[in-house]
Amino acid sequence: MRLTLLATGGTIACTPTEHGLAPTLTAADLLAPLAASLPCEVIPRDVFLMDSSNMQPEEWCTLAAAVDDALSQTDGVVITHGTDTMAYTASALSFMLAGVSKPVILTGSQLPLHHPLTDALGNLRRAIVAAMQGVGGVYVSFDYKLITGVHCVKTHTTAMDAFSSINAPLAGYFDVEGVHFTHPQGYRPVPELGDGYGLRNRLDPRVFLLKLVPGTSPDVFRFVREAGYRGLVIEAFGLGGLHYIRRNLVAALQELAESGVYVLVVSQCLHEKADLTLYEVGRGMVREHVHSGRDMTTEAAVTKLMWALAQEHTTELLSKPIVGEMAGA
């Protein structure tokens, strides 16, 4: 078996500089401490050398192309990445690589590779072993967990157990007996995407994320339209509530949708779903351009909307689960 290690920077690659910690270690540098114990051949390749706070849709598209190229030559890919935006990258890759039959495993660390208490070596070694299982899909391997790319959320800033699987069981886990894939990433082919896997790494970054607070002004929706955004993800109250007394968000949302802006509504609650059909006010605003994100994470909703806007049949893609990102997959 042959794997590719794609390095993008992040804490795992950081070393001290005169300006503080900065990502300087290459893919080959990351593999060097494991050279004597690698369980298979791993080909190092550098894609970026950057803090993950700077990873944006343009980088996701480039990274997806690099993964696709690596998978044409090897049996799986491990990606080292900073933790701050890893969940967004994993989700974006899940859609751009939908249907991939080989493993794509993201990992990183809370401490740099050369820190005395680093978690980098363990995380990287486990990610490589996970990739060797040949289970298709996009996953985050961190600490002793495997999480599907569309259900991964960073829930801790300093704990070694930094990521959680939200609204889905763990994809797998590690113990003394090895790695166990218990719930691999799902894939539901949809006619709009054609047959089977194909790289679809076009994104439209013109997506705005709005978390409602009591008193949010309808003018925010007008700003979204006038600023040239094509999509809006709303973190609404509870099951998808928006206030409509004094400050009528429902009317403003309808106006926004009628202007052609696509909207995905998810819940501010970390667990369980949004359901726009539960209340009368919700039923009235479910139109072609307004969709319930159901139990999608915010990261999945944002990246799916960016991806769907860049494809044909945007409405159909937003309404269907594709890689297990929402209930019904």
Side-chain angles (χ1 to χ4, degrees), residues 5 7-16 20-25 30 33-34 50-55 78-94 103-131 137-183 185 209 211 235 266-272 295-303 325:
L5 174 66
T8 70
T11 296
I12 193 170
C14 280
T15 58
L21 287 175
T24 63
L25 299 179
L30 296 175
L34 301 177
M50 61 196 307
D51 188 299
S52 74
S53 296
N54 287 316
M55 291 282 285
V78 173
I79 302 169
T80 51
H81 194 290
T83 61
D84 285 350
T85 61
M86 188 187 296
Y88 283 97
T89 298
S91 186
L93 289 177
S94 295
V104 179
I105 314 286
L106 290 90
T107 194
S109 64
Q110 292 287 66
L111 292 170
L113 180 71
H114 296 307
H115 191 284
L117 298 177
T118 188
D119 53 332
L121 295 175
N123 283 345
L124 183 53
R125 185 179 286 111
R126 284 187 290 273
I128 290 171
V129 172
V138 178
Y139 305 91
V140 170
S141 176
F142 212 90
D143 200 41
Y144 288 85
K145 296 177 181 177
L146 284 161
I147 305 171
T148 62
V150 286
H151 285 283
C152 183
V153 175
K154 186 175 182 183
T155 52
H156 298 81
T157 58
T158 59
M160 296 301 190
D161 181 17
F163 293 90
S164 299
S165 181
I166 302 300
N167 291 330
L170 288 174
Y173 63 95
F174 301 86
D175 63 16
V176 294
E177 296 180 347
V179 56
H180 308 269
F181 270 96
T182 51
H183 296 88
Q185 186 174 72
L209 171 63
K211 181 170 186 172
E235 287 191 4
V266 296
S267 176
Q268 293 182 12
C269 301
L270 195 58
H271 297 281
E272 301 176 341
D295 60 348
M296 271 198 287
T297 67
T298 295
E299 291 85 346
V302 167
T303 54
E325 71 275 13

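For this chain, numbers begin at 1 and follow the sequence in order. Because the structure is a prediction, the values reported are computed rather than measured.
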* Scan side-chain atoms only and decide if Thr89 and His81 contain a donor-acceptor pair under the 3.5 Å cut-off. => yes
* Asked: Counting distance only, does the side-chain N/O of Asn123 pair as donor-acceptor with the main-chain N or O of Gly108 below 3.5 Å?
  -> yes
* Rounded distance (nearest 0.5 Å) linking atom CG of Leu25 with atom OG1 of Thr11 -> 11.5 Å
* Asked: With side chains defined as the heavy atoms from C-beta onward, is the minimum distance between Gln110 and Thr83 less than 4.5 Å?
  -> yes
* To do: Inspect the surroundings of CZ in Phe181 and state if more than 12 heavy atoms from other residues, nucleotides or ligands are less than 6.0 Å away.
  => yes
* Taking the six-membered ring for Trp, are Phe163 and Phe142 parallel (under 30°), tilted (30 to 60°) or perpendicular (over 60°)? -> perpendicular
* To do: Output the distance between atom CD1 (Ile166) and atom CE (Met296), rounded to the nearest 0.5 Å.
  => 15.0 Å
* Atom pair CG/CE of Asp119 and Met160 - distance to nearest 0.5 Å -> 4.5 Å
* Asked: Looking only at heavy atoms, what is the nearest atom pair of Pro33 and Leu121, with distance?
  -> CB-CD2, 3.8 Å
* Report yes if the side chains of Lys211 and Gln268 come closer than 4.5 Å at any heavy-atom pair, otherwise no. => yes
* Take Ile12 and Leu30 through the test side-chain contact (heavy atoms from CB on, under 4.5 Å) and record every step on the way to the result. => CA-CA 8 Å; Ile12 193 170; Leu30 296 175; 4.2 Å; yes
* **Derivation of the side-chain contact (heavy atoms from CB on, under 4.5 Å) call for Glu299 and Tyr88** => CA-CA 5 Å; Glu299 291 85 346; Tyr88 283 97; 3.6 Å; yes
* Roughly how far, to the nearest 0.5 Å, is the CD1 atom of Ile128 from the CD1 atom of Ile105? -> 11.0 Å
* Cys152 to Ala87 - nearest heavy-atom pair and separation -> O-CB, 3.2 Å
* Structure fact -> On a heavy-atom basis, the closest approach of Pro23 and Cys14 is N-SG, 3.6 Å
* To do: Run the numbers on Thr148 and Tyr139 for side-chain contact (heavy atoms from CB on, under 4.5 Å), then give the verdict.
  => CA-CA 4 Å; Thr148 62; Tyr139 305 91; 4.0 Å; yes
* To do: Decide side chain to side chain donor-acceptor pair (under 3.5 Å) for Thr15 and Thr24; before the verdict, give the C-alpha distance in whole Å, the side-chain angles of both, and the deciding distance to 0.1 Å.
  => CA-CA 6 Å; Thr15 58; Thr24 63; 2.5 Å; yes
* Would you please say whether a donor-acceptor pair under 3.5 Å links the side chains of Thr107 and Ser141? => no
* To do: Side-chain contact test, heavy atoms from C-beta onward, threshold under 4.5 Å: evaluate it for Lys145 versus Val140 and give yes or no.
  => no
* **CD1-CG distance between Ile79 and Leu5, expressed to the nearest 0.5 angstrom** => 9.0 Å
* How close do Asn167 and Glu272 get, heavy atom to heavy atom, and via which atoms? -> OD1-N, 2.7 Å
* Asked: Are any of the side-chain heavy atoms of Val179 and Leu146 separated by less than 4.5 Å?
  -> yes
* Carefully, step by step, assess Asp175 and His180 under the rule side-chain contact (heavy atoms from CB on, under 4.5 Å). => CA-CA 8 Å; Asp175 63 16; His180 308 269; 2.9 Å; yes
* To do: Identify the residue among Ser164, Ser165, Pro169 that makes a side chain to side chain contact (heavy atoms under 4.5 Å, CB included) with Ile147.
  => Ser165
* Donor-acceptor pair, Asp295 side chain versus His271 backbone, under 3.5 Å? -> no
* Thr298 and Glu235: side-chain donor and acceptor closer than 3.5 Å? -> yes
* **Closest non-hydrogen atom pair, Ala120 against Thr118** => N-OG1, 2.9 Å
* Asked: Would you say the side-chain atoms of Ser94 and Glu325 include a donor-acceptor pair closer than 3.5 Å?
  -> no
* Asked: Just wondering, do Val150 and Thr297 contact through their side chains at under 4.5 Å, heavy atoms?
  -> no
* Between Leu124 and Leu34, is any pair of side-chain heavy atoms under 4.5 Å apart? -> yes
* So do Thr8 and Met50 actually touch side chain to side chain, heavy atoms under 4.5 Å? -> no
